[in-house]
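Below: one structure, written as structure tokens.
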Amino acid sequence: MAKDERVVGILGRKIGMTQIFDESGQSVPVTVLQAGPCDVLQVRTSDRDGYEAVQLGYLDKPRRLASRAQRGQVAKLDSKRSKKRSAAGVELLAKANCEPKRYVREIRGPAGDLDVGSLVKVDAFEGVATVDVVGTSKGRGFSGAMKRHNFSGQRATHGVKKCHRHLGGTGCSASPSRLMKGVKMPGQYGAARCTVRNQKIVRIDAENNLLLVRGAVPGPNGGYVVVKKSNKM
Amino acid sequence: MSQDIIKLVEQSSLKEDVPQFEIGDTVDVHTRILEGDKERIQVFTGVVIARSGTGSKEMFTVRRIVDSQGVERKFPVHSPRIAKVEVKRSGVVRRAKLYFLRERSGKAVRLKERRTDRAKVGK
């Protein structure tokens with residue numbers, strides 16, 4: 001990593017897809033992400049927490065909707081316990097002193113010069129070629145094997161009765177007399193964490209906090225995403 | 001709101017002088033073609049039969065007959081590779097998509113010209 005060993009990641013939202021033309025006139029399919037600015041809520045250190053990470057918060061949450069715990073996460077709240085602890089001489093954790101956040105995630109890696117309360121913006125991705133984008137895929141509910149596992153189903157005619165979209169056989173007979181684990185069957189499809197790796201950064205718009213990545217990103221428009229510098233080249 | 005952001009992103013890819021033509025026009029589409037490091041202009045002539053999409057995704061379809069075989073090409077309106085679109089002739093049409101031309105051949109493909117003189121269109 002170029003920037004003195006600092007983790008490069010940000011939280012954002014998927015805005016939607018479009019296409020733009022690059023310098024050679026080729027049209028490029030891009031996903032527009034609104035990325036940051038994110039407050040650094042906490043910094044995990046290997047001494048204190050056993051691992052290194054940066055906890056980021058994206059988008060303000062109205063205080064009336066935030067729980068006391070969430071408000072206490074970002075700013076100092078007086079409580080009996082905190083009074084007791086400060087009376088006992090325990091140093092309180094640094095707080096970001098910002099509004100409660102809607103979307104809070106940790107990004108593993110050394111914090112470098114990032115402190116609690118500092119801002120992470122898209123320009124952190126300056127000079128980064130590719131990113132990994134983590135999102136929650138679109139939920140498809142309880143889906144059949146054809147949609148979920150791309151099974152072929154059965155024939156439309158030739159005597160097939162009422163099982164045109166069935167999955168067919170699922171295993172052997174008397175031996176082993178049971179189903180093997182992990183056999184592909186109908187079930188909940190989508191609405192799961194999904195990562196797309198090595199997506200090229202097409203453009204960084206620091207003024208409008210926009211990040212344009214080539215190709216599709218999991219999840220619906222408006223869905224929250226985590227964008228990290230990809231770890232493989 | 002998100003649509004505004006998309007528009008903002010597309011702004012940089014839009015042409016300042018958008019080629020002006022209408023459905024039913026016979027046009028010359030000048031496309032830039034890179035051969036090695038040499039650039040060359042290729043012209044595709046035909047009737048604009050459809051226009052679709054918005055913003056930087058806007059496309060138009062040009063149809064012509066080559067060796068009694070219909071050929072259609074779809075171009076992005078805002079592509080930098082489209083040098084210019086020249087209107088040769090305007091046709092009288094009453095719909096936005098001229099897909100009915102696909103079923104026609106020969107003389108039936110002609111469109112009435114939209115000016116005083118009623119010259120005939122070959123293709």
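No hydrogens, no waters, no symmetry mates; every other heavy atom, side chains included, goes into these values.
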Checklist entry - Any ion pair linking Lys101(A) and Asp39(A) (charged N to carboxylate O, less than 4.0 Å)? => result yes
Item to check | Contact class of Leu8(B) relative to chain A, heavy atoms under 4.5 angstrom | outcome: side chain
Next on the checklist: Counting only non-hydrogen atoms closer than 4.5 Å, does Arg203(A) touch chain B with its backbone (N, CA, C, O), its side chain (CB onward), both, or neither?
Outcome noted: side chain
Checklist entry - Which region of Gln26(A), side chain (C-beta onward) or backbone (N, CA, C, O), has a non-hydrogen atom less than 4.5 Å from a non-hydrogen atom of chain B, or is it both or neither? => result both
Checklist entry - Heavy-atom distance under 4.5 Å to chain B: side chain of Ser27(A), backbone, both or neither? => result neither
Checklist entry - Would you call the rings of Phe60(B) and Phe21(B) parallel, tilted or perpendicular, where under 30° means parallel and over 60° means perpendicular? => result tilted
Checklist entry - For chain B, which of Asp205(A), Ile15(A), Leu212(A) has the most heavy-atom pairs under 4.5 Å? => result Ile15(A)
Checklist entry - Can a salt bridge be assigned to the pair Arg71(A) and Glu99(A) using a cut-off of 4.0 Å between side-chain N and carboxylate O? => result no
Checklist entry - Taking the six-membered ring of Tyr189(A), is the NZ or CZ of Arg140(A) close enough (under 6.0 Å from the centre) and on axis enough (within 45°)? => result yes
Item to check | Lys/Arg-Asp/Glu bridge criterion (N-O < 4.0 Å) met for Lys88(B), Asp28(B) | outcome: yes
